[in-house]
Amino acid sequence: MRLLAVSVLLSLAWDFTVAQHYYQGLMDYLENRMLAIEDRMELWNGQAHRYNTELKDFRKLASDVMERLAKEHLSLGQDLEGSRVRLSSVEREMDYVESQTTPRACGNTADRVLEQGAGSWEEGREEEEEEEEEEGEWVEVRSKVSDCVELLSDIRSVKILKRAGSPKGMWTRDPKSSMVYIFNATSGDTVHQFNSVLNFTSSPGFNHSRTVRLPSFWSGSGSAVYNSYLYYIQEGADAELQVVKYDLLKNSVRDSAMFPVERRSPVYRLNPETVVDLAADEQGVWALYAAGDAEPTITLAKMDAGSLDIEQMWDTKCPRENAEAAFVVCGTVYVVYNTALASRSRVQCVFDVNDMVVSEEAPLLYFPRRYGAHASLKYNPEEKQLYAWDDGYQIIYRLTMKKKLLA
């Protein structure tokens, strides 16, 4: 019995010793793991502190940079404002110089009459009409189309006068007088007449204008004023087009004629309201139109300003796609293009009726970026200026001219 008891006690002592060693090893393992975790946490804490410090430094640096940029932006804004003021001053000085030295235009005797009153001009025009009926020729010997040799070289400056009326419309100035004519929107029977550009600019909207009520509605933004006559397109109920010649001094229709197009097709894809665009330059009255909806290019016609007969026609090879407007200077057509989402307008196609412009000298001109797309561009040969309608803004572009290389 005693031996059995001793044996049991020894066995228990052994098991206890083994268990003690096992638990001691487990405790040592857990302690080592805790120490490793503590070391890792201390490392993470150090890194987090460093990142926090770096973030604070970055915030301070970014704040300093933003403050410096704000100061530079303010300084740049002040410089730009100063430049704008200086530019406005230079434009005023240029306007004064140009008003003292008005450039000559290629025209007939009546073209030399400028800034006359309506009464004196009416008498002069009647005398001129009698002389033209007797002579039927220019004072200087000229070809049927003309030997005017001026070519557009550059857009010298731009002046935004005001914003009045609809997004689309047309305005122009009669080269024979100071009268300004406003065609608000793309259809109507009312034309607003102002005595001068200054009178139009100082007037709120069209309040101080003289209203000219036409006997029929004009269609599109392609009307023109030449020798105190208004030329506009009348669209009939059966889609027939008529060119109407309206006497602005006598307030009566002088003549009208059917325009020879088979169907209604916009001449410019970006301005579908304009089917025929009438233009006036040093040579007289022109018409730009599309021969048919399937025709990809713009057709040019020279019109007799008196009888409205078409004297000659040309295929300009200028595409209608992406075209927004065009104008004629000295028998040369300049077609202006843009994009459906209005960007920067540019002269991208040039056609000369006398083949005096070679492709190497044809200008690729960009208009200054403004508001949208041009609804109309009307050239004034006496002033060498374009009268533009851009998203309701009335704009004047001053042009620089040169001689054609083949002249």
Side-chain angles (χ1 to χ4, degrees), residues 152 166-172 183 185-188 217-226 230-236 239-245 256-281 283-303 305 308 310-329 331-340 342 345-353 367 372-379 386-390:
L152 176 58
S166 303
K168 289 189 176 183
M170 190 279 287
W171 78 300
T172 187
F183 296 73
T186 57
S187 179
F217 275 65
W218 43 268
S219 176
S221 302
S223 303
V225 175
Y226 181 73
L230 165 61
Y231 298 82
Y232 68 93
I233 298 297
Q234 175 188 347
E235 187 173 352
E240 290 184 345
L241 300 179
Q242 275 195 328
V243 181
V244 180
K245 179 181 179 181
S256 63
M258 296 296 298
F259 197 82
V261 291
E262 296 181 359
R263 54 182 299 178
R264 189 189 191 282
S265 302
V267 59
Y268 312 121
R269 294 291 191 191
L270 296 183
N271 277 316
E273 300 86 359
T274 302
V275 179
V276 179
D277 190 7
L278 302 174
D281 72 343
Q283 320 314 319
V285 179
W286 307 80
L288 295 124
Y289 63 99
D293 195 52
E295 290 294 328
T297 58
I298 297 172
T299 301
L300 173 70
K302 179 66 172 69
M303 301 185 67
L308 301 181
I310 293 182
E311 300 175 344
Q312 196 170 349
M313 292 184 295
W314 298 265
D315 181 3
T316 65
K317 305 300 182 184
C318 294
R320 297 161 58 203
E321 193 67 29
N322 292 327
E324 67 176 12
F327 55 94
V328 183
V329 178
T332 302
V333 180
Y334 301 85
V335 184
V336 180
Y337 292 85
N338 208 318
T339 55
S345 303
R346 62 201 177 277
V347 174
Q348 197 169 312
C349 186
V350 177
F351 174 80
D352 183 70
V353 297
F367 285 81
H374 295 111
S376 63
L377 289 167
K378 297 300 174 181
Y379 173 66
L386 286 178
Y387 287 76
W389 192 292
D390 182 355

Separation of [Y] [atom2] from [X] [atom1] (nearest 0.5 Å):
X: Thr186; Y: Met170; atom1: OG1; atom2: CE; value: 12.0 Å
X: Thr172; Y: Trp389; atom1: OG1; atom2: CH2; value: 12.0 Å
X: Asn338; Y: Arg346; atom1: CG; atom2: CZ; value: 6.5 Å
X: Tyr289; Y: Ile233; atom1: OH; atom2: CD1; value: 11.5 Å
X: His374; Y: Asn271; atom1: NE2; atom2: CG; value: 10.5 Å
X: Phe259; Y: Leu278; atom1: CZ; atom2: CG; value: 7.0 Å

| Leu152 side chain reached by Tyr379 side chain, heavy atoms, under 4.5 Å | no
| said: Could you check whether any side-chain heavy atom of Val243 comes within less than 4.5 Å of a side-chain heavy atom of Lys245, counting everything from C-beta outward? | reply: no
| With a cut-off of 6.0 Å (strictly less than), are more than 12 heavy atoms of other residues, nucleotides or ligands near CE of Met258? | yes
| request: Please report the closest heavy-atom contact between Ser265 and Gly292, naming both atoms and the distance. | output: OG-C, 3.5 Å
| task | Using side chain to side chain donor-acceptor pair (under 3.5 Å) as the criterion, list what pairs up with Gln242, not counting sequence neighbours. | result | none
| field | side chain to side chain donor-acceptor pair (under 3.5 Å) against Lys378, all qualifying residues, sequence neighbours excluded | value | Asp277
| query | Got a donor-acceptor contact below 3.5 angstrom from the Arg320 side chain to the Asp293 backbone? | reply | yes
| Do the side chain of Thr316 and the main chain of Leu300 share a donor and acceptor less than 3.5 angstrom apart? | no
| task | Take Ser345 and Glu324 through the test side chain to side chain donor-acceptor pair (under 3.5 Å) and record every step on the way to the result. | result | CA-CA 8 Å; Ser345 303; Glu324 67 176 12; 2.6 Å; yes
| said: Check the orientation of Tyr226 and Tyr231. Use parallel for under 30°, tilted for 30 to 60°, and perpendicular for over 60°. | reply: tilted
| Angle class for the Trp286/Trp314 ring planes (parallel below 30°, perpendicular above 60°, tilted otherwise)? | tilted
| field | side-chain contact (heavy atoms from CB on, under 4.5 Å) evaluation trace for Phe327 with Val336 | value | CA-CA 8 Å; Phe327 55 94; Val336 180; 4.0 Å; yes
